[in-house]
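Position 1 is the first residue of the sequence, and the numbers go up from there.
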Amino acid sequence: MAHTNRTNTNRGQRGKTAGRTGPTGTSGRARSELRALRREVPRTVGLLADERDFAAMRGYRTFTFDDHRKYLRRVDGLLRSLATEGAHTSVALFDPEEFAEYCAEAGHDPDTVIARGRFTARIAASGGAVVPYTGQPVGQLVPQLVNTAVRRATWEYATMVLADLGECADCGVDIGRASFDRASRLLTHLIERAGPGTHHLVCSIPAPDEQLLAALQVMRPDTGPARLDASESAEFVTVLAAGIALDSPGGVVLRTTGPGAPDRLHGWRLRGSGLAPLSEGQVFSAYCTDADTGEPLSPEPGVEYRAGFDLGIEDADIHS
C-alpha cells in the first residue's frame, strides 16, 4: 500500500511537472529561447556546383545522391526550409579535391557525413567561396559561387605575385607594397574624375601564368562619397598593382550608366605606373573587335565610345 501510495504521489508530481514544463521537461519559455538561439546560429550549406564534382563525391558510400539535377533540387528545398526558420544561411562551393586533401591532412575518414560537415564549416571560416542565401534559386547560386571562386583565385594569385617580388635591389623599396599604394591612388582619382553615376570598371592584366581580371561596381551620387564594395575594391587594386609591378601591357575600361542617357565607355592603357588614356578610336576598336579572330564586331546600340580622361595624377616611379 505504501508503495502504491508513493507511486500515485510520484505520478501526481510528474503530472504537475509535465503540466508546467511539457513532455520533454523543458518549459515553454525555454523552448522559445532555444528557437530564438537557433535563429542566431549561422548555417553553411556545401554545394557541388557541377556534374564533375558531383561524380567525384559519388565514390563515397555515405554520399547517397545519384543524380546531380535532383541533388540541386534537394539543396534548393533545403535552403528554402532553412530560410523559413529565420536563420542566416550561406552557401559554400564544395571542392572534392580540396575535401580529400583536408581529410588526409586532418586524419578524417572522408566517407562520413561528419567529415563533410567539418570541411564545409572550414570553407566558411577560412574565407573560401561563400555567398549568402537571400532566397535566390539554386540556378542563380551556382554561377554566383563559381564567380566568387574565380575572383578569390585571381586575388590570391595577384597577391602572391606582389609578395614574391620582394624589395628593389637599388633602393630597398618593397615593390609589391609600392605598386599597391600606386594602384590605390589611381583608382581613387579615376572614381573622382568619373563624376556621378553608376560605374562598372574592369581591369585586365596579362600575367605569366594566366589573364587576371577584376571588376568593380561603383555608385557615385551627385553629392556625398562614392559607394563601393570593400572586397571588390581590394581585388581590383591588387590586380592593377600586379600589372604595375610586372610592367604589364594591361588596361582599365570604365562603363558609366545613368537615367535617360546612353552608356559611356572609356579606356586606359597601363603604362609604367600610370594609366594612359586611350583615344576614342582605340576604345571603339577595343570593344568592336573580336579578341580571338580579329574580325570587326557591330557597335553596341545605345553606347557612346569615348576617349579615356586624364586622371589628374602625375606619373611616378614606384621605386622612388
Side-chain angles (χ1 to χ4, degrees), residues 42 44 47 49 88-93 123-136 140-163 176-177 179-207 210-221 224-246 248 250-258 263-270 273-275 287 308-309 311 313:
T44 304
L47 178 66
H88 172 74
T89 304
S90 56
V91 183
L93 187 65
I123 298 173
S126 62
V130 178
V131 299
Y133 176 70
T134 58
Q136 67 270 50
Q140 293 180 12
L141 273 171
V142 168
Q144 287 177 342
L145 276 172
V146 173
N147 180 60
T148 300
V150 170
R151 283 176 45 200
R152 177 175 172 79
T154 299
W155 176 78
E156 288 178 345
Y157 178 85
T159 300
M160 180 187 66
V161 167
L162 295 177
R177 169 51 59 185
S179 299
F180 189 90
D181 292 342
R182 177 67 176 176
S184 298
R185 291 188 63 200
L186 288 171
L187 177 60
T188 298
H189 280 249
L190 198 159
I191 293 173
E192 289 177 350
R193 292 295 177 102
T198 299
H199 308 295
H200 184 74
L201 296 95
V202 176
C203 180
S204 176
I205 302 294
E210 59 181 289
Q211 184 81 11
L212 301 180
L213 287 171
L216 176 63
Q217 190 85 2
V218 180
M219 302 289 293
R220 179 77 188 277
R227 298 190 296 271
L228 62 164
D229 182 84
S231 296
E232 286 187 1
S233 177
E235 293 163 6
F236 188 94
V237 169
T238 303
V239 169
L240 180 56
I244 293 172
L246 296 172
S248 167
V252 172
V253 294
L254 167 71
R255 184 175 189 136
T256 300
T257 61
D263 288 3
R264 303 188 307 274
L265 294 175
H266 303 269
W268 294 261
R269 176 187 297 110
L270 184 58
S273 59
L275 288 172
Y287 273 94
F309 45 82
L311 302 186
I313 180 173

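To the nearest 0.5 Å, atoms CG (Leu141) and CD (Gln136) are separated by 4.0 Å. Once rounded to the nearest 0.5 Å, the distance linking CG of Leu93 with OG1 of Thr148 reads 8.5 Å. To the nearest 0.5 Å, atom CZ of residue Phe236 and atom CG of residue Asp229 are 13.5 Å apart. Atom OG of residue Ser233 and atom CD1 of residue Ile191 lie 6.5 Å apart, to the nearest 0.5 angstrom. Put simply, CG on Leu275 and CG on Leu240 are 5.5 Å apart, with the number rounded to the nearest 0.5 Å. One finds the CG atom of Leu246 at 8.0 Å from the OG atom of Ser179 (value rounded to the nearest 0.5 Å).
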- request: Carefully, step by step, assess Val161 and Leu212 under the rule side chain to side chain contact (heavy atoms under 4.5 Å, CB included).
  value: CA-CA 11 Å; Val161 167; Leu212 301 180; 5.6 Å; no
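Screening His199, Arg220, His200 against Thr256 for a side-chain hydrogen bond (donor to acceptor under 3.5 Å, both in side chains) leaves a single residue, His199.
Side-chain contact between Ile123 and Thr44 is absent, with no heavy atoms from C-beta onward closer than 4.5 Å. Taking the side chain as every heavy atom from C-beta outward, Val239 and Leu213 never approach each other to under 4.5 Å. Side-chain atoms of Ile313 and Arg182, non-hydrogen and from C-beta on, do get closer than 4.5 Å to each other. Contact of the Leu186 side chain with the Trp268 side chain is not registered, since no non-hydrogen atoms from C-beta on lie closer than 4.5 Å. With contacts defined as side-chain heavy-atom distances shorter than 4.5 Å, the pair Leu254/Leu265 does not qualify.
Across every non-hydrogen atom of Pro206 and Ser248, the tightest pair is CD-OG, 3.1 Å. When every heavy atom of Ala214 is checked against every heavy atom of Glu235, the shortest pair comes out as CB-O, 4.0 Å. Closest non-hydrogen pair, Val130 versus Ala92, comes out as CG2-CB, 3.9 Å. The minimum heavy-atom distance between Ala129 and Arg152, with the atom names listed, is N-CD, 4.3 Å.
Side-chain atoms of Thr198 and Gln217 include no donor-acceptor pair closer than 3.5 Å.
Counting heavy atoms of neighbouring residues, nucleotides and ligands inside a 6.0 Å radius, atom CZ of Arg177 does not exceed 12 of them. The environment of CZ in Arg255 is crowded: more than 12 heavy-atom neighbours from other residues, nucleotides or ligands sit within 6.0 Å.
Legend: residues meeting ring-ring contact (aromatic ring centres under 6.0 Å, His included) with His266, ordered by chain and number and at least two apart, are Phe309.
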